[in-house]
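Below is one structure; the comments refer to it alone.
Both ligands and their constituent atoms are indexed starting at 1 by order of listing.
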Amino acid sequence: MTVKKQVPFVTFRTRVRDESIEGPNPYRWEDKTSDDYFSGKRVILFSLPGAFTPTCSTYQLPNFEDLYDEFQKEGINAVYCVSVNDAFVMNAWAKSLGLEKVELIPDGKGEFTRKMGMLVAKDNLGFGMRSWRYAALIENGVVEKWFEEEGFSDNCETDPYGVSSPQNVLETLKAAA
Ligand code: BEZ
């Protein structure tokens with residue numbers, strides 16, 4: 001019997017806007033856990049090497065945003081993008097792309113990514129430890145479908161992108177419906 005993988009329980013340190021805070025930076029810390037993001041929901045999670053990097057910023061994240069309504073039609077309650085970046089960087093990335101639908105999850109210390117088994121070295125790019133590209137269909141915290149780019153490795157010279165694209169994930173969901 002195959003035991004399905006449960007997402008790890010992690011606390012993420014997010015920054016949320018709070019209008020009661022005066023001054024030029026009206027944000028406060030808000031801790032969110034894996035339960036907050038995954039419990040009782042059917043979601044798509046995708047992960048990538050870093051905020052603001054070209055493929056992620058030009059294709060993967062904007063395309064997930066554009067296809068969000070299509071994912072909703074397939075019964076998806078939320079689409080999350082996780083990256084080993086802190087909350088300040090992830091918020092700035094969301095703002096730069098004008099995101100309204102996809103939610104960004106800051107995995108600044110890489111704990112979630114490491115416990116998912118997806119942490120790789122990207123020292124060759126001066127990045128340190130980051131996430132291998134993958135996407136997953138997760139139902140109530142349990143991984144039901146897994147989309148991992150080929151060649152999982154440290155300091156990979158290439159950056160495969162295809163299996164974890166929103167187009168491929170959506171096609172797979174539609175085919176299984
Ligand atoms: C990219 O998304 O294009 C990218 C990701 C990691 C390193 C360099 C580029």
Quick one: name the residues clustered hydrophobically with [X], using the 4.5 Å side-chain heavy-atom rule over I, L, V, M, F, W, Y, and just say none if it's on its own.
{"X": "L137", "result": "I44, F46, L48, F52, L61, F64, L67, Y68, F71, I76, V79, V89, M90, W93, L97, L99, V102, L104, F147, V163, V169, L170, L173"}
{"X": "Y59", "result": "Y161"}
{"X": "F88", "result": "W29"}

What's the spacing between D69 CG and K101 NZ if we round to 0.5 Å?
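Answer rounded to 0.5 Å: 3.5 Å.
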With the 4.5 Å side-chain cut-off for hydrophobic clustering, are M116 and F38 part of the same group?
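Same cluster.
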Name the residues in contact with ligand 1, where contact means a heavy atom under 4.0 Å away: which are they?
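Near ligand 1, by chain and number: P49, T53, P54, T55, C56, L125, F127, R133, D159.
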How close do R130 and T113 get, heavy atom to heavy atom, and via which atoms?
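Answer, listing the atom of R130 first, then T113: O-CG2, 4.3 Å.
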